[in-house]
Amino acid sequence: YRTRCMQVRAEQGYRCFFCGGLKAMECDHLKRRSAGLDHRRENLRAMCVEHHRRRHAEPKWDPRPHPRIVELMAMVGLRWAGGNVGWEKI
């Protein structure tokens with residue numbers, strides 16, 4: 001899991017999924033592990049501590065990714081397919 005999170009942070013240019021800021025980052029599961037999903041790349045995104053806390057406090061809050069994140073992820077062959085799907089391989 002830790003290795004995968006380091007990969008996610010690097011692919012996103014160490015930027016928050018939502019604000020694009022260069023801050024302390026945490027990994028977030030798009031669909032909760034309790035729902036039976038694993039640590040697949042498509043189910044993870046990195047975000048700053050502030051937005052990760054907000055995400056858990058307000059589960060329905062799920063804005064689109066920052067434009068810079070979309071660009072960076074396209075470079076590694078992934079595109080954003082929405083909060084219900086997560087990342088898809090191009």
Side-chain angles (χ1 to χ4, degrees):
Y1 174 71
R2 289 178 192 225
T3 303
R4 183 60 53 93
C5 284
M6 289 177 9
Q7 173 192 0
V8 169
R9 290 182 192 117
E11 288 174 353
Q12 289 184 203
Y14 302 95
R15 295 179 177 275
C16 175
F17 177 87
F18 295 117
C19 69
L22 295 167
K23 304 174 183 179
M25 306 297 282
E26 296 179 346
C27 256
D28 178 56
H29 290 84
L30 293 159
K31 295 180 182 173
R32 297 181 185 261
R33 289 184 304 151
S34 60
L37 293 172
D38 55 18
H39 303 306
R40 290 175 295 122
R41 174 62 192 97
E42 294 82 9
N43 192 41
L44 296 172
R45 59 187 167 187
M47 61 183 73
C48 66
V49 174
E50 175 187 344
H51 286 125
H52 193 214
R53 287 184 182 151
R54 182 174 176 188
R55 167 88 166 110
H56 286 280
E58 304 171 39
K60 293 187 180 193
W61 177 76
D62 199 15
R64 296 179 187 190
H66 189 274
R68 180 68 178 133
I69 301 303
V70 173
E71 292 173 17
L72 290 167
M73 297 310 292
M75 292 169 54
V76 296
L78 295 172
R79 73 176 183 90
W80 184 244
N84 294 332
V85 177
W87 297 107
E88 289 182 330
K89 293 181 182 177
I90 298 174

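Residues R15 and I69 meet the side-chain proximity criterion, which asks for heavy atoms closer than 4.5 Å. Looking at K23 and E50, their side chains come closer than 4.5 Å, going by heavy atoms from C-beta outward. The closest side-chain heavy-atom distance from E88 to L78 is not below 4.5 Å.
Here the rule is salt bridge (Lys or Arg N to Asp or Glu O under 4.0 Å) with E58, and of R54, K60, R55 only R54 fits it.
Atoms CH2 and CZ, on W87 and R79 in that order, are 10.5 Å from each other to the nearest 0.5 Å. Here the CE-CE distance, from M25 to M47, works out to 8.0 Å after rounding to the nearest 0.5 Å. For the atom pair H51 NE2 and D28 CG, the distance stands at 12.0 Å (nearest 0.5 Å). Distance CG/L44 to CD/Q12: 9.5 Å, rounded to 0.5 Å.
A pairwise comparison of heavy atoms in G86 and L30 identifies CA-CD1, 3.4 Å as the closest pair. Nearest heavy-atom pair, P65 versus V70, reported as atom, atom and distance to 0.1 Å: CG-CG2, 3.7 Å. For the residue pair C5 and C27, the shortest heavy atom distance occurs at SG-SG, 2.7 Å.
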Practice prompt. Kindly indicate, with the supporting measurements, whether the criterion ring-ring contact (aromatic ring centres under 6.0 Å, His included) is fulfilled by H29 and Y1.
Written response: CA-CA 11 Å; H29 290 84; Y1 174 71; 5.6 Å; yes
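Side-chain heavy atoms closer than 4.5 Å link hydrophobic residues (I, L, V, M, F, W, Y) into clusters, and following such links, even through other members, never connects Y14 to V76.
A distance of 6.0 Å or more separates the ring centres of W80 and H66.
There is a side-chain donor-acceptor pair under 3.5 Å between R4 and Q7.
Partners of E71 according to the side-chain contact (heavy atoms from CB on, under 4.5 Å) rule, which considers only residues two or more places apart in sequence or in another chain, are R68.
F17 carries R45 over the face of its six-membered ring, with the cationic atom under 6.0 Å from the centre and within 45° of the normal.
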